[in-house]
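Below is one structure, written out as structure tokens, with a few remarks after it.
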There are 2 protein chains.
Amino acid sequence: MGKPSDLVQGTLDLLILKTLTLDPMHGWAIAKRIQQVSGEVLQVQQGSLYPALHRLEQQGWIKARWAESETGRQAKFYVLTAAGRKQLEAEAANWSRLSAAINLIVSEA
Amino acid sequence: MGKPSDLVQGTLDLLILKTLTLDPMHGWAIAKRIQQVSGEVLQVQQGSLYPALHRLEQQGWIKARWAESETGRQAKFYVLTAAGRKQLEAEAANWSRLSAAINLIVSEA
DNA sequence: GCTGATACCTAGATTATCTACACAAGGTTG
DNA sequence: CAACCTTGTGTAGATAATCTAGGTATCAGC
């Protein structure tokens, strides 16, 4: 399983922002969803997740509000802001650019 | 140009190893080649390049020997070792796995 | 009452890469 | 011949993202 590394450095913000375009979600659910959608390949550790969420909130890309989760507990739900949507576009474009460039090299004859 | 970042963290070893499958090359040429093949998207700074080369050599994945470069100067040429070839395969597989997983998320409807 | 899942958080270590240097040889141009 | 650019190697220190490893609390199930 995911031995060598759980994430590609620099992509966590992108993954979180993208996941929040679907629905407002609390941190725990974001991590679960990333893991699930990636086929258990990507693992978001809590020590990466929460600092990242705070970072994104501080940048104004997401906003938090407390609400009741599916299990009936209080949880911090995050919503994407307009600026966050822009940031997501920029990060997605950058990821495309870089990953395509890397693939050019890796798949050289 | 490459404003947001010059590389994706964790991929430099892969890029170097892959580049060395073509020909033995000196560091400067490796950086130039990565930049060129990637369409000027990936930029390898010297401060990343040389430490990476030393790291790879210490791991036994590449071997160095001094020789004359195309310009007639002395340069350190690196060759891929058998272990390096294995490492390249592992890193390439890992990159495929992770980038595919990220793309699953990024390209969600 | 214990365990496991959910849900939040932080401190410190690790590690890759970048910035910004320094050095040297060779070629080119004024 | 002086200034400068390109090639080529290298290091020290800063930056920043992620991981490790802890901590707290609630709730469900046994």
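Residue numbering restarts at 1 for every chain, and letters A, B, ... go by the order of the sequence lines.
- Residues meeting the side-chain contact (heavy atoms from CB on, under 4.5 Å) test with A/Gln35, sequence neighbours left out: A/Glu40, A/Gln43.
- Distance, A/Asn94 CG to D/dA17 C1': 15 Å, rounded to whole Å.
- For A/Ser69, the side chain to side chain donor-acceptor pair (under 3.5 Å) partners two or more places apart in sequence, or in a different chain, are A/Thr71.
- Within the structure, salt bridge (charged side-chain N to carboxylate O under 4.0 Å, His left out) contacts touching residues 84-94 of chain B (residues at least two apart or in different chains) do not occur.
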Short heteroatom pairs, N/O only, protein and nucleotides 3-12 of chain D, under 3.5 Å:
{"from": "D/dT7", "atom 1": "O2", "to": "B/Arg73", "atom 2": "NH1", "distance (Å)": "2.6"}
{"from": "D/dG8", "atom 1": "OP1", "to": "B/Ser69", "atom 2": "OG", "distance (Å)": "2.7"}
{"from": "D/dG8", "atom 1": "OP1", "to": "B/Thr71", "atom 2": "OG1", "distance (Å)": "3.1"}
{"from": "D/dT9", "atom 1": "OP1", "to": "B/Lys76", "atom 2": "N", "distance (Å)": "3.0"}
{"from": "D/dT9", "atom 1": "OP1", "to": "B/Lys76", "atom 2": "O", "distance (Å)": "3.4"}
{"from": "D/dT9", "atom 1": "OP2", "to": "B/Gly27", "atom 2": "N", "distance (Å)": "3.4"}
{"from": "D/dT9", "atom 1": "OP2", "to": "B/Trp28", "atom 2": "N", "distance (Å)": "2.7"}
{"from": "D/dT9", "atom 1": "OP2", "to": "B/Tyr50", "atom 2": "OH", "distance (Å)": "3.1"}
{"from": "D/dG10", "atom 1": "OP1", "to": "B/Lys76", "atom 2": "NZ", "distance (Å)": "2.7"}
{"from": "D/dG10", "atom 1": "OP2", "to": "B/His54", "atom 2": "NE2", "distance (Å)": "3.2"}

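- If you take CD of A/Gln43 and P of D/dT20, they are 11 Å apart, rounded to a whole angstrom.
- Looking at B/Leu12, B/Leu15, B/Asp6, B/Thr11 one by one, the single match for side-chain contact (heavy atoms from CB on, under 4.5 Å) with B/Leu42 turns out to be B/Leu15.
- A/Val8 places none of its side-chain heavy atoms less than 4.5 Å from the side chain of B/Gln9.
- In summary, contact between chain A and DNA chain C, defined as any nucleotide atom under 4.0 Å from a heavy atom of the protein, begins and ends at C/dA5 to C/dT10 in the 5' to 3' direction.
- The distance between atom CD of B/Gln9 and atom C1' of D/dA14, rounded to the nearest whole Å, is 13 Å.
- Partners of B/Glu70 according to the side chain to side chain donor-acceptor pair (under 3.5 Å) rule, which considers only residues two or more places apart in sequence or in another chain, are B/His26.
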In a table with atom names and distances, give each donor-acceptor pair under 3.5 Å that connects a side chain of residues 49-66 of chain B to protein atoms at least two apart or in another chain.
{"from": "B/His54", "atom 1": "ND1", "to": "B/Tyr50", "atom 2": "O", "distance (Å)": "3.2"}
{"from": "B/Arg55", "atom 1": "NH2", "to": "B/Asp13", "atom 2": "OD1", "distance (Å)": "2.8"}

N/O donor-acceptor pairs under 3.5 Å from side chains in residues 100-109 of chain B, not counting sequence neighbours:
{"from": "B/Asn103", "atom 1": "OD1", "to": "A/Trp95", "atom 2": "NE1", "distance (Å)": "2.9"}
{"from": "B/Asn103", "atom 1": "ND2", "to": "B/Ser99", "atom 2": "O", "distance (Å)": "3.1"}
{"from": "B/Ser107", "atom 1": "OG", "to": "B/Asn103", "atom 2": "O", "distance (Å)": "2.5"}
{"from": "B/Glu108", "atom 1": "OE2", "to": "A/Arg33", "atom 2": "NH1", "distance (Å)": "3.1"}

